[in-house]
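Numbering starts at 1 and runs along the sequence shown. Quick caveat, the model's predicted, so the values are computed rather than measured. Atoms within a ligand are numbered from 1 in the order they appear, just like the ligands themselves.
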Amino acid sequence: MDIDIVSVFPEYFDVLNLSLLGKAQERGLLAVRSHNLRQWTHDVHQSVDDTPVGGGAGMVMKPEVWAECLDELLGIPADAPANAHAAPAADSPVLIFPNPSAPLFTQQDATALSHAEHLVFGCGRYEGYDARIPQYYRERGVDVREYSIGDYVLNGGEVAVSVMLEAITRLLPGFMGNADSIVEESYTGENALLEHNQYTKPASWRGIDVPPVLISGDHGRVNRFRRDEALEKTSRLRPDLIARLDCHALDKQDRKTLMSLGWEVSGEHPRKLED
Ligand SMILES: C[S@@+](CC[C@H](N)C(=O)[O-])C[C@H]1O[C@@H](n2cnc3c(N)ncnc32)[C@H](O)[C@@H]1O
């Protein structure tokens, strides 16, 4: 996978050379290139921002500078005509802008993007980037995504890009030593739940014992215990995930557990009964 990141602080991404991401690059699984947006400016101050049209506080990232940069990275001629109906080609680069006022980035998005061959990330700063930038590239057939990583505002897109990049690249085949560990995780799969609690040895630590069933050696009971714990935890912390489960994919014990947690399990999806 090829990854280009554009930022006014490209050195921020030096950390990507560490840990599993660094090892994956050494093994040729992915190539990450970070670029300084100012490289595409022409004025002496290397300006990338200007005051907001319509007034208001702060500065907005200029479309001209971004366009020179993105034309080059995406391989699009500067005079490419708009074709509002053009569907992105399957192997074309995906352009991603972090943006707090965009839909939330999820594990499903990470999974879909892990199949792309080329990702280009644009890090916003200041009050954000001119809204015509994503519009322009969408109209030229580019698959443009805008994502928020959560309901809070960061200073810039660099942290958000690091978050998305890590979530995406760890799903690449061969990235993780133990592929099973990514199959069984929170938010993963069709009927995603939060993961059950994890424990390691010793079985008793500072007066707190691990749940006895986990050292019973009975795999059936261990699996059932973990599944019930995942259902209980998800019901308590993320009832929206329970409400999206497919009832037809739940076994008899799943249904019993959910009913004991106050869910009606019939029809397409579980429904929380009023307390
Ligand atoms: C200070 S923020 C701009 C906030 C914007 N004026 C607003 O109120 O929605 C600057 C940049 O940081 C990034 N950013 C900040 N918070 C983010 C979040 N929760 N998710 C994704 N990107 C974020 C975006 O790239 C954004 O353009």
Side-chain angles (χ1 to χ4, degrees), residues 1-16 21 32-41 45-74 93-114 116 118-139 142-171 186-187 192 194 237-238 240-241:
M1 174 184 272
D2 281 307
I3 297 165
D4 287 286
I5 309 171
V6 184
S7 162
V8 288
F9 296 113
E11 46 304 325
Y12 180 92
F13 295 98
D14 290 351
V15 295
L16 300 182
L21 254 165
V32 183
R33 297 173 290 264
S34 52
H35 310 271
N36 192 336
L37 179 65
R38 295 191 199 279
Q39 177 187 327
W40 283 275
T41 58
H45 300 295
Q46 298 194 301
S47 337
V48 295
D49 56 334
D50 207 336
T51 53
V53 174
M59 301 293 272
V60 178
M61 295 188 110
K62 291 153 73 73
E64 311 94 299
V65 182
W66 271 107
E68 282 204 31
C69 161
L70 294 173
D71 285 351
E72 186 177 324
L73 297 181
L74 297 167
V94 182
L95 176 58
I96 303 166
F97 288 104
N99 184 337
S101 60
L104 198 64
F105 181 75
T106 66
Q107 186 69 21
Q108 283 66 40
D109 297 311
T111 304
L113 290 167
S114 71
H118 185 187
L119 303 178
V120 179
F121 289 96
C123 301
R125 277 268 153 183
Y126 322 116
E127 288 308 315
Y129 47 85
D130 190 302
R132 290 169 294 180
I133 303 168
Q135 177 191 341
Y136 176 90
Y137 288 99
R138 268 190 201 111
E139 288 176 359
V142 178
D143 182 354
V144 185
R145 319 272 183 103
E146 294 172 277
Y147 290 116
S148 168
I149 61 157
D151 294 351
Y152 38 76
V153 178
L154 304 164
N155 289 335
E158 288 74 11
V159 172
V161 167
S162 306
V163 167
M164 292 191 267
L165 202 56
E166 190 154 317
I168 295 165
T169 53
R170 69 195 295 278
L171 300 176
S186 300
Y187 308 111
L194 301 182
L237 299 175
R238 291 293 303 273
D240 56 308
L241 295 179

### Message
Any nitrogen or oxygen of Tyr152 lying under 3.5 Å from a nitrogen or oxygen in ligand 1? Just yes or no.
### Response
yes
### Task
Verify the contact flag for atom 8 (O) of ligand 1, where contact means a protein heavy atom under 4.0 Å away.
no
### Message
List ligand 1 atoms under 4.0 Å from Glu127, heavy atoms only on the residue side.
### Response
3 (C), 5 (C), 6 (N)
### Query
Which residue owns the protein heavy atom closest to atom 14 (N) of ligand 1, what's the atom, and how far is it?
Pro100 CD, 3.6 Å
### Query
Applying a strict 4.0 Å limit to heavy atoms, is Tyr126 in contact with ligand 1?
yes
### Query
Counting only heavy atoms not in Arg33, do more than 12 fall under 6.0 Å of its CZ?
yes
### Query
Which of the numbered atoms in ligand 1 are below 4.0 angstrom from a heavy atom of Ser148?
19 (N), 20 (N), 21 (C)
### Message
With heavy-atom distances below 4.0 Å as the criterion, list the atoms of ligand 1 near Gly157.
### Response
12 (O), 13 (C), 25 (O)
#### Entry: Subset of ligand 1 atoms that lie under 4.0 Å from at least one heavy atom of Gly124
11 (C), 12 (O), 25 (O), 27 (O)
### Whether Tyr152 side chain and Ile149 backbone form a donor-acceptor pair below 3.5 Å
yes
### Task
Could you say whether the N/O atoms of Cys123 and ligand 1 ever approach to under 3.5 Å?
no
#### Entry: Which atom of Asp49 lies closest to which atom of Met59, heavy atoms considered
OD2-CB, 3.3 Å
### Task
Give a yes or no on this: more than 12 heavy atoms of other residues, nucleotides or ligands lie within 6.0 Å of atom CD of Glu166.
no
### Query
Any idea which atoms of ligand 1 are less than 4.0 Å away from a heavy-atom of Tyr147?
21 (C)
### Message
Quick check: Asn99 and ligand 1, any N/O pair under 3.5 Å apart?
### Response
yes
#### Entry: For atom 27 (O) of ligand 1, the protein heavy atom that lies nearest, with its residue and separation
Gly128 CA, 3.4 Å
### Message
Tell me the closest heavy-atom pair linking Ala102 and Ser148, and the distance in Å.
### Response
O-CB, 3.4 Å
### Geometric N/O contact Leu154 with ligand 1, under 3.5 angstrom
yes
### Message
Using 0.5 Å steps for rounding, measure from the CH2 atom of Trp66 to the OH atom of Tyr129.
### Response
9.5 Å
### Message
Can you confirm whether Phe105 sits close enough to Pro98 that some side-chain heavy atom of one is under 4.5 Å from a side-chain heavy atom of the other?
### Response
no
### Message
Considering both backbone and side-chain atoms of Val153, is one of its nitrogen or oxygen atoms within less than 3.5 Å of a nitrogen or oxygen in ligand 1?
### Response
no
### Query
Nearest heavy-atom pair of Ser47 and Val65: which atoms, and what distance?
O-CG2, 3.7 Å
### Task
Can you see which heavy atom on Val8 is nearest to which on Glu158, and at what distance?
N-OE2, 4.1 Å
## Note on the structure
Under 4.0 Å from one or more heavy atoms of Ala160, ligand 1 contributes atoms 21 (C), 22 (N)
### Query
Tyr147 side chain to Val161 main-chain N or O, any donor-acceptor pair under 3.5 Å?
no
### Task
For atom 24 (C) of ligand 1, find the nearest protein heavy atom and state the residue, atom name and distance (0.1 Å precision).
Pro98 O, 3.2 Å
### Task
Considering heavy atoms of the protein only, find what lies nearest to atom 20 (N) of ligand 1 and give residue, atom and distance to 0.1 Å.
Ile149 N, 3.0 Å
#### Entry: Exceeds 12 heavy-atom contacts within 6.0 angstrom, atom CG of Asp151
no
